[in-house]
Amino acid sequence: MNIGVIALQGAFVEHQKALARLGVSSVLVKRRQHLAGLDGLIIPGGESTSIGRLMREYDLLEPIRDLAQHGMPMLGTCAGMIILAKRISGGEEPHVAVMDVEVARNSFGRQRESFEADLDIPVLGSRPFPAVFIRAPHIVSVGPNVEVLATYQDRIVAVQEGHLLALSFHPELTDDDRIHAYFLDLVG
Ligand SMILES: NC(=O)CC[C@H](N)C(=O)O
């Protein structure tokens with residue numbers, strides 16, 4: 001299985017480590033040619049404006065959109081979720097724009113810059129998932145084909161639209177690898 005991790009900015013090494021714990025090696029994607037031959041792609045957390053700007057600069061935006069539209073499984077975490085969303089609250093220009101969701105950035109307030117919460121994510125089983133939120137976005141609204149996987153304080157924080165997964169939090173910063181395993185199942 002060939003998994004790529006976008007490595008322009010943010011927490012990409014941690015995703016590689018999580019995949020390695022599951023016995024899967026991965027490729028760091030910095031340029032267009034690194035997308036060749038991938039079966040799945042992870043877009044990490046960090047700063048969505050920087051990641052989006054670098055994706056444009058390196059001509060990655062269109063090829064990634066194309067791959068997503070042709071069925072490549074993708075996992076976007078935190079900033080990566082913003083990158084995948086078709087709509088960003090406040091009218092900011094979207095980036096890869098393939099998931100039928102609207103996201104709001106930095107939505108848990110300054111006093112809650114970073115926190116951990118035990119989330120109920122039924123697709124992962126009954127044991128709660130330790131979710132790390134860092135200046136996290138949330139999902140304001142979802143289209144008809146989007147499944148809500150988890151909420152936190154009445155806000156949507158995890159969604160799936162077919163082969164695309166997006167999370168407000170950072171599953172790579174805990175040693176619970178169930179999200180990555182779930183993603184690898186989607187890759188097949
Ligand atoms: N941890 C994160 O990825 C934070 C996301 C960041 N606040 C953004 O809007 O891009």
Side-chain angles (χ1 to χ4, degrees), residues 3-19 26 28-30 40-58 60-61 64-65 68 73-119 121 129-142 146 148-153 155-161 164-180 182-183:
I3 306 296
V5 182
I6 296 290
L8 298 172
Q9 192 265 339
F12 50 87
V13 172
E14 291 80 359
H15 275 292
Q16 267 206 313
K17 287 182 182 161
L19 292 170
S26 51
L28 292 180
V29 176
K30 294 172 191 279
L41 184 68
I42 296 181
I43 306 177
E47 181 57 42
S48 57
T49 42
S50 308
I51 296 173
R53 180 173 44 78
L54 292 168
M55 281 183 167
R56 275 180 193 83
E57 212 167 295
Y58 298 139
L60 282 166
L61 211 55
I64 293 171
R65 182 178 301 136
M74 294 191 187
L75 165 64
T77 60
C78 206
M81 173 171 96
I82 299 167
I83 295 288
L84 289 175
K86 283 188 177 168
R87 294 172 295 281
I88 303 174
S89 299
E92 214 177 292
E93 199 193 329
H95 306 280
V96 172
V98 287
M99 291 190 80
D100 192 10
V101 297
E102 174 177 334
V103 298
R105 297 179 61 195
N106 305 313
S107 51
F108 289 95
R110 208 171 270 166
Q111 72 282 14
R112 311 217 60 182
E113 278 244 308
S114 156
F115 60 96
E116 194 173 321
D118 279 338
L119 288 189
I121 310 181
F129 189 88
V132 176
F133 291 81
I134 305 169
R135 294 183 305 282
H138 83 287
I139 296 148
V140 177
S141 63
V142 300
V146 178
V148 173
L149 301 183
T151 59
Y152 174 69
Q153 293 183 340
R155 290 176 170 189
I156 301 170
V157 293
V159 288
Q160 178 170 357
E161 184 174 2
L164 303 172
L165 266 181
L167 316 170
S168 295
F169 49 92
H170 286 261
E172 78 287 5
L173 298 182
T174 55
D175 48 20
D176 189 326
D177 295 321
R178 282 179 293 160
I179 295 266
H180 289 84
Y182 183 77
F183 174 63

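Heavy-atom basis, side chains included; hydrogens, waters and symmetry copies ignored. Starting from 1, each residue takes its place in the sequence as its number. In each ligand, atom 1 is the first atom listed, and ligand 1 is the first ligand listed.
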Please work out which of the three classes, parallel, tilted or perpendicular, describes the rings of Phe108 and Phe115, given edges at 30° and 60°. perpendicular
What residues sit with at least one heavy atom under 4.0 Å from ligand 1? Gly45, Gly46, Glu47, Ser48, Cys78, Ala79, Ile82, Arg105, Asn106, Ile134, Arg135, His170
Would Phe133 and Tyr152 count as a ring pair (Phe, Tyr, Trp, His ring centres under 6.0 Å) if you check the C-alpha gap in whole Å, the side-chain angles of each, and the deciding distance to 0.1 Å? CA-CA 11 Å; Phe133 291 81; Tyr152 174 69; 5.5 Å; yes
Between Glu116 and Val132, the two heavy atoms sitting closest are OE1-CG2, 4.1 Å
Validation: residues 77-85 side-chain donor-acceptor distances under 3.5 Å, sequence neighbours left out:
from: Thr77; atom 1: OG1; to: His15; atom 2: NE2; distance (Å): 3.1
from: Thr77; atom 1: OG1; to: Gly45; atom 2: N; distance (Å): 3.4

Below 4.5 Å, heavy atoms only, C-beta onward: do Ile6 and Met55 meet side chain to side chain? yes
Only one of Leu149, Val101, Val148 forms a side chain to side chain contact (heavy atoms under 4.5 Å, CB included) with Ile156, so which one is it? Val148
